[in-house]
Amino acid sequence: MTILDVSGLDVSLSGLRILQGVSFAVAPTGVTVLLGRNGVGKTTTLRAIVGLVPGTGAVTLAGERILGRRTHEIIRKGIGYVPEDRCVFGGLTVAENLRLAERGPADYDLVFDLFPELKKRSAQRAGTLSGGQQQMLALGRVLLVTNRLLLIDEPTKGLAPKVVTEVADALGRVAERVPVLLVEQNLAVVRRLAADAVVLAAGKVAWQGGARELLADAELTKSLLGVGSHG
């Protein structure tokens, strides 16, 4: 069984073919990680799934075709998306950012249990938060509502090692509740969280299988990602 199936996904932007027949599946539990060197199409894949860039092929969520629908319709089907740049509203407080994300019943207990810092800083403007705190806020917004799948793009990018650990801890707990498709460059985080891995190269799927299997093969990891398996 799968929660998300991507089949033959093609995306062209500004005359460039970014994705070329990308196909993979996301398990209904745990973390599936999308890996690859910079510029191979990882972020574009997530953006195509949620309708932010046009694509051809097929994307299905729990068997229902979603490719070609508007982004707000896809989100309402139960996909939560945390973009790479976090996209918090800097001029609004933490509480106001969270309130904007509400769709029906909101699980503030879960969000504040995972990220107690957000409760303490509820009256603080989001633009004055640290990078790690902004990442927690971005994650908290999608966790307020019930989702069937989360797409999370490089949540630990640019964060201090201590904050990376905190975010990884939270993601591990989140993945116990809802499946996650994760783009992540930190292989220590990948090793800790991911069950399955999909590797893109030049807009195509170059490898897929178990994350541990990939990272256990230092030569394969270096050839696909350009870094050692302990990077």
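If you chain together hydrophobic residues whose side chains sit under 4.5 Å apart, Leu34 and Val189 never meet in one group. Taking hydrophobic clusters as Ile, Leu, Val, Met, Phe, Trp and Tyr residues chained together by side-chain heavy-atom distances below 4.5 Å, Phe24 shares a cluster with Ile66. One hydrophobic cluster, built from ILVMFWY side chains closer than 4.5 Å, cannot hold both Val205 and Leu215; they sit in different ones. Hydrophobic clustering (ILVMFWY, side-chain heavy atoms < 4.5 Å, transitive): Leu114 and Tyr108 are in one cluster. Hydrophobic cluster membership is shared by Leu129 and Val163, with clusters built from Ile, Leu, Val, Met, Phe, Trp and Tyr side chains linked at under 4.5 angstrom.
Note: Ile18 CD1 to Leu9 CG = 11.5 Å, rounded to the nearest 0.5 Å. A distance of 8.5 Å separates CG of Asp85 from CG of Asp153, quoted to the nearest 0.5 Å. The distance from the CZ atom of Arg141 to the CZ atom of Arg99 is 14.0 Å, given to the nearest 0.5 Å. With rounding to the nearest 0.5 Å, the separation of NZ in Lys204 from CG in Leu19 is 12.0 Å. Here the CG atom belonging to Leu13 is positioned 8.5 Å from the CZ atom belonging to Arg47, to the nearest 0.5 angstrom. Interatomic distance, Trp207 CH2 to Asp217 CG, rounded to the nearest 0.5 Å: 8.5 Å.
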- In sequence, state the C-alpha distance, the side-chain angles, and the governing distance for Val6 and Ile49, and then conclude on side chain to side chain contact (heavy atoms under 4.5 Å, CB included). CA-CA 8 Å; Val6 176; Ile49 290 169; 4.2 Å; yes
- Query: After noting the C-alpha distance and the side-chain angles of Val22 and Val11, does the key distance pass the side chain to side chain contact (heavy atoms under 4.5 Å, CB included) rule?
  - Reply: CA-CA 9 Å; Val22 168; Val11 172; over 6 Å; no
- Item | Test side-chain hydrogen bond (donor to acceptor under 3.5 Å, both in side chains) applied to Thr56 and Asp10, step by step | CA-CA 5 Å; Thr56 60; Asp10 270 67; 4.8 Å; no
- Query: Between Leu35 and Leu200, does a side chain to side chain contact (heavy atoms under 4.5 Å, CB included) hold up when you go through it step by step?
  - Reply: CA-CA 6 Å; Leu35 296 168; Leu200 296 185; over 6 Å; no
- Task: For side chain to side chain contact (heavy atoms under 4.5 Å, CB included), just list the numbers for Val33 and Val183, CA-CA rounded to whole Å, side-chain angles, deciding distance to a tenth of an Å, and then say yes or no.
- Result: CA-CA 6 Å; Val33 66; Val183 172; over 6 Å; no
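Residue Glu64 places its CD atom among more than 12 non-hydrogen atoms of other residues, nucleotides or ligands, all under 6.0 Å distant. Within a 6.0 Å radius of CZ in Arg103, more than 12 heavy atoms belonging to other residues, nucleotides or ligands are found. The number of heavy-atom neighbours closer than 6.0 Å to CZ of Arg125, taken from other residues, nucleotides and ligands shown, is 12 or below. Counting non-hydrogen atoms of neighbouring residues, nucleotides and ligands closer than 6.0 angstrom, the CZ atom of Arg17 exceeds 12 such neighbours.
At distances below 3.5 Å, not a single donor-acceptor pair connects side-chain atoms of Thr2 with backbone N or O atoms of Asp5. With Thr71 contributing its side chain and Gly51 its backbone, the two residues share a donor-acceptor pair below 3.5 Å. Between the Lys77 side chain and the Leu61 main chain, no donor and acceptor come within less than 3.5 Å of each other. Counting only distance, with no hydrogens or angles, the side chain of Asn147 and the backbone of Val142 share a donor-acceptor pair below 3.5 Å.
You'll find the side chain of Leu225 reaches within 4.5 Å of the side chain of Val199, heavy atoms only. Taking the side chain as every heavy atom from C-beta outward, Leu92 and Leu100 approach each other to under 4.5 Å. Side-chain contact between Arg177 and Leu143: absent, with no pair of heavy atoms (C-beta onward) separated by less than 4.5 Å. Inter-residue side-chain proximity for Leu137 and Leu118 is flagged as met; some heavy-atom pair is nearer than 4.5 Å. Ile152 is not listed as a side-chain neighbour of Leu181, based on a closest heavy-atom distance of 4.5 Å or more. Side chains of Leu110 and Val174 form no contact here, defined as non-hydrogen atoms less than 4.5 Å apart. The shortest distance between side-chain heavy atoms of Val180 and Thr32 does not fall below 4.5 Å. Contact check for Glu73 versus Arg70: side-chain heavy atoms found under the 4.5 Å cut-off.
Between Leu149 and Val178, the shortest heavy-atom contact is N-CG2, 3.7 Å. Here the closest non-hydrogen pair linking Gly140 and Val111 is O-CG2, 3.4 Å. Nearest heavy-atom pair, Ala168 versus Arg192, reported as atom, atom and distance to 0.1 Å: CB-NH1, 3.8 Å. The nearest pair of heavy atoms linking Ala126 to Val88 is CB-CG2, 4.1 Å. Residues Leu193 and Leu182 share a closest heavy-atom pair of CD1-CD2, 4.4 Å. The shortest non-hydrogen separation linking Pro179 to Ile3 is CG-CG2, 4.1 Å.
Comment: Glu184 does not engage Arg191 in a salt bridge, judged by the lack of any side-chain N to carboxylate O separation of less than 4.0 angstrom.
Between the side chains of Glu154 and Asn186, not a single donor N or O lies within less than 3.5 Å of an accepting N or O.
Applying the side-chain hydrogen bond (donor to acceptor under 3.5 Å, both in side chains) definition to pairs two or more places apart or across chains, those involving residues 109-122 are Asp113-Arg173, Glu117-Lys120, Glu117-Arg121, Glu117-Gln133, Arg121-Gln124.
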